[in-house]
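Working notes for the structure below.
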Amino acid sequence: CLFMFMNGFPAIKEIGVGEFLLGTEWRPGQNLFGIFPMIVGSIYVTAGAIIFGVPVGILTAVFMAHYCPKKLYSVLKPAIGLLAGIPSIVYGFFGLVVIVPAMQKIFSTSGKGILTASLLLGIMILPTIIEVTESSLRAVPTSYYEGSLALGATKERTIFKSVMVAAKSGVMSGVILGIGRAIGETMAVIMVAGNQAAIPTSVLSGVRTLTANIVLEMAYAADLHRDALIATAVVLFVFILIINVCFSLVKRRNG
């Protein structure tokens with residue numbers, strides 16, 4: 001944190017806070033360092049990953065905790081653990097050879113864009129959400145489940161209105177961890193997002209995220225350009241902090 005802030009704030013001060021955060025032009029050769037397109041790109045891709053990954057992850061965890069047969073569970077559980085250990089570059093290659101061609105055929109575009117990156121990130125955050133949510137559901141005392149059934153509630157209503165509510169803190173923690181991975185993912189996104197430093201006009205448009213911007217240019221950056229990339233990392237850091245604070249406030253209010 002000290003390294004990032006010491007190197008990032010002077011660059012933001014020199015460029016100008018408004019120009020840096022709201023500028024739409026990223027042209028290091030002309031000393032134009034506006035990261036607004038990358039901020040928008042990160043928000044879109046992360047939101048898409050949440051839309052795809054969170055419902056599927058939570059429902060899969062519910063299935064594994066309350067519906068899954070033991071034989072199937074013995075296969076699914078290690079498979080999900082294996083998914084969590086696959087390197088992001090492998091996910092990126094999968095997206096490049098499977099998802100991108102599918103998008104090309106369906107939409108007649110380059111195949112690289114927000115929708116493709118969101119789908120891939122949605123898949124990548126599944127293991128985290130499933131593992132944490134399942135553990136939280138299994139940690140709820142069985143008396144909650146049995147008591148709800150005894151009062152006449154159906155199994156589905158018991159799970160979603162009683163057990164899930166009791167486990168909401170753990171479920172939200174899993175979602176936060178998943179969002180953190182989606183925001184911070186780099187290599188997989190670089191391979192399927194298109195990497196265009198421009199404000200996207202549709203879900204099929206190419207986009208560049210904050211993390212991709214840092215990785216693509218840090219190798220040859222120098223002077224103000226390098227400091228601007230470090231300042232981009234500071235913005236990303238603050239962005240993640242804001243998300244965590246918002247979720248903490250929601251949890252406290254619901255508690």
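Excluded from the calculations below are hydrogen atoms, water molecules and symmetry mates; all remaining heavy atoms, backbone and side chain alike, are included. Predicted, not measured: the structure shown is a model, and the values here were computed from it.
Follow the hydrophobic side-chain contacts under 4.5 Å out from Leu241 and you reach Ile39 in the same cluster. Note: the hydrophobic cluster containing Ile106 also contains Leu96 (ILVMFWY, side chain heavy atoms under 4.5 Å, direct or indirect links). Under the 4.5 Å side-chain heavy-atom criterion for ILVMFWY residues, a single connected hydrophobic cluster contains both Ile179 and Leu126. In terms of hydrophobic clustering, with Ile, Leu, Val, Met, Phe, Trp and Tyr side chains grouped at heavy-atom distances under 4.5 Å, Ile130 and Leu59 are assigned to a common cluster. Taken together through direct or relayed side-chain contacts under 4.5 Å among Ile, Leu, Val, Met, Phe, Trp and Tyr, Ile242 and Leu177 form parts of separate hydrophobic clusters.
Ring geometry for His66 against Tyr145 counts as parallel: the plane angle stays under 30°, on a 0 to 90° scale with 60° as the upper cut.
When side chains are defined from C-beta on, Phe239 counts as touching Ile43, because their heavy atoms get closer than 4.5 Å. You'll find the side chain of Ser148 stays beyond 4.5 Å of the side chain of Lys161, heavy atoms only. Side chains of Thr232 and Met38 form no contact here, defined as non-hydrogen atoms less than 4.5 Å apart. For the pair Leu120 and Met191, the minimum side-chain heavy-atom distance is 4.5 Å or more. At a threshold of 4.5 Å between non-hydrogen side-chain atoms, the residues Pro37 and Trp26 do not count as touching. Side-chain contact between Lys77 and Glu134 is present, with heavy atoms from C-beta onward closer than 4.5 Å. By the 4.5 Å heavy-atom criterion applied to side chains, Ile35 and Leu21 are counted as neighbours. Phe3 has its side chain out of reach of Met6: every pair of non-hydrogen atoms, C-beta onward, lies at least 4.5 Å apart.
Counting heavy atoms of neighbouring residues, nucleotides and ligands inside a 6.0 Å radius, atom OH of Tyr144 does not exceed 12 of them. Annotation for Phe93: atom CZ does not count as buried by contact number, only 12 or fewer foreign heavy atoms lying within 6.0 Å.
Summarising the geometry, atom CG belonging to Asp227 is positioned 8.0 Å from atom CG belonging to Asp223; distances are rounded to the nearest 0.5 Å.
Judged by distance alone, the side chains of Ser205 and Gln196 never bring a donor and an acceptor atom under 3.5 Å apart.
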